[in-house]
Amino acid sequence: MSGRQGGGWREKLNENGMSRTVQAKVVIIGSGAAGCTAAIYAARAMLEPIMIRGIQPGGQLTITTDVENYPGFADVIQGPWLMEQMEKQAAQVGAKLVSDHVNKVELERRPFRISCDSGDIYMAESLVIATGAQARWLDLPSEQAFRGHGVSACATCDGFFYRGKNVIVVGGGNTAVEEALFLTNFANKVTVIHRRDAFRAERILQERLFRHPKIEVIWNSVLMDVKGSENPRKVVGAAIRNVKTDAVTEISADGIFIAIGHSPASELFAGQVQLKPNGYIKTAPYSTATSVPGVFAAGDVTDDVYRQAVTAAGMGCMAALEAERFLAAHKVESIAAE
Ligand code: NAP
């Protein structure tokens, strides 16, 4: 049984009568700024792209609050709102948005085979990988033991629980400084622990942080151990080591937010497309082309330099344009007509 016959995709039920196999000209994995922009451009090229939204639809911007550097908005906008707009725009221009999670890709030959948790399979003539990045952890045993019980990597998700309490933020980049500032909306005191004596966050954010009366910074220090209690399982403090003097001190805290950067979500593609030594997907210079012809990568899964919403969106645009050229060169005009 066949479903919709479009110029860009068609589907049929699998033998189990439950899941479907969908043939498409362009499949986009991921729905952050890169994925949505790729979907908008591919849809406007009449390619009827399918965007598989993943576990965290909208990507990292959905777990931030104020966005002040996305061009076009003089007033402060909210990350979740921006992503809602991007998805809405993608759908309005003809992209098909699918709420599913990809668990396997097979890229040895075209069409590429993409398997999802629902059992649905996508056979794609071209693929845009826009799976983004996920928060990194310190990998301390005590950090893992108290994850979800006072240790978090997302202030916007969990900050609310720390009304009137003391919290620690570990890190010195934009994420750490933004999370520290956000947490002042709830917490009594926010202590930032950074391993060096200078932040790498944008100057404007640093200045806001230094001026904030609720925030204290402990420089040249690392989190050595999370201190917690059982029954109820909760964080009570942290052991901090000064990297210059090796002195260890304990401070009390109700919550600890780890904000030490992100790793690319590239595991699904390891061994199939070339990765850089740091795990980011390797692309050709000034291009989103990966080592597999017809497979393109955009946004934080490939970008270890800029990692901004606007650069991710730019790369999504490039990936869609490159996919369009690839399909034209390979004379993939209409799936339904085959
Ligand atoms: P980041 O810029 O890579 O910063 C990570 C921070 O964590 C650094 O200060 C680093 O210290 C520290 N760190 C890393 N590993 C550590 C470890 N094992 N122990 C202790 N500290 C450690 O990551 P991010 O802040 O998540 O930002 C990622 C990207 O997203 C950046 O390009 C950032 O500009 C962008 N971003 C932008 C915005 C915005 O524009 N508003 C908001 C959020 C994120 P060192 O400084 O010593 O290396």
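Indexing begins at 1, ligand by ligand and atom by atom, following the structure's order.
- Ligand-side atoms of ligand 1 in range of Y306: 32 (O), range being under 4.0 angstrom from any heavy atom.
- Heavy-atom distances between E68 and ligand 1 stay at or above 4.0 Å for every pair.
- If you look at V67 next to ligand 1, there are no close heavy atoms at all, none under 4.0 Å.
- Under 4.0 Å is where a charged nitrogen must lie from a carboxylate oxygen, and between R233 and E230 at least one such pair does.
- Of the protein's non-hydrogen atoms, L138 CD2, 3.4 Å is the one closest to atom 19 (N) of ligand 1.
- Looking only at protein heavy atoms, the nearest one to atom 47 (O) of ligand 1 is R196 NE, 2.7 Å.
- In terms of protein heavy-atom proximity, atom 40 (O) of ligand 1 is nearest to N69 ND2, 2.6 Å.
- Residues A201 and Q206 come closest through the heavy atom pair O-NE2, 2.8 Å.
- Against a heavy-atom cut-off of under 4.0 Å, G173 is close to the following atoms of ligand 1: 4 (O), 6 (C), 8 (C), 9 (O), 25 (O).
- I260 CA, 3.2 Å is the protein heavy atom nearest to atom 7 (O) of ligand 1.
- Those atoms of ligand 1 with a heavy atom of G172 less than 4.0 angstrom away are 6 (C), 7 (O), 8 (C), 9 (O).
- Here the two rings, on F257 and Y162, have centers that are under 6.0 Å apart.
- In terms of protein heavy-atom proximity, atom 37 (C) of ligand 1 is nearest to N174 ND2, 3.3 Å.
- Of the residues R113, R20, K104, the one that meets the salt bridge (charged side-chain N to carboxylate O under 4.0 Å, His left out) test with D120 is R20.
- Summary of contacts: the protein heavy atom closest to atom 1 (P) of ligand 1 is R200 CD, 4.1 Å.
- Looking only at distances, no side-chain donor or acceptor of D158 sits under 3.5 Å from a matching main-chain atom of A155.
- Heavy-atom contacts of E202 reach the following atoms of ligand 1: 39 (C), 40 (O), 41 (N) (cutoff under 4.0 Å).
- In R195, the part holding a heavy atom less than 4.0 Å from any atom of ligand 1 is the side chain.
- Annotation: atom 23 (O) of ligand 1 to nearest protein heavy atom, G261 CA, 3.3 Å.
- Among all non-hydrogen protein atoms, the one lying nearest atom 41 (N) of ligand 1 is E178 OE2, 2.6 Å.
- Comparing V310, T175, D300 by heavy-atom distance to atom 43 (C) of ligand 1, the nearest is T175.
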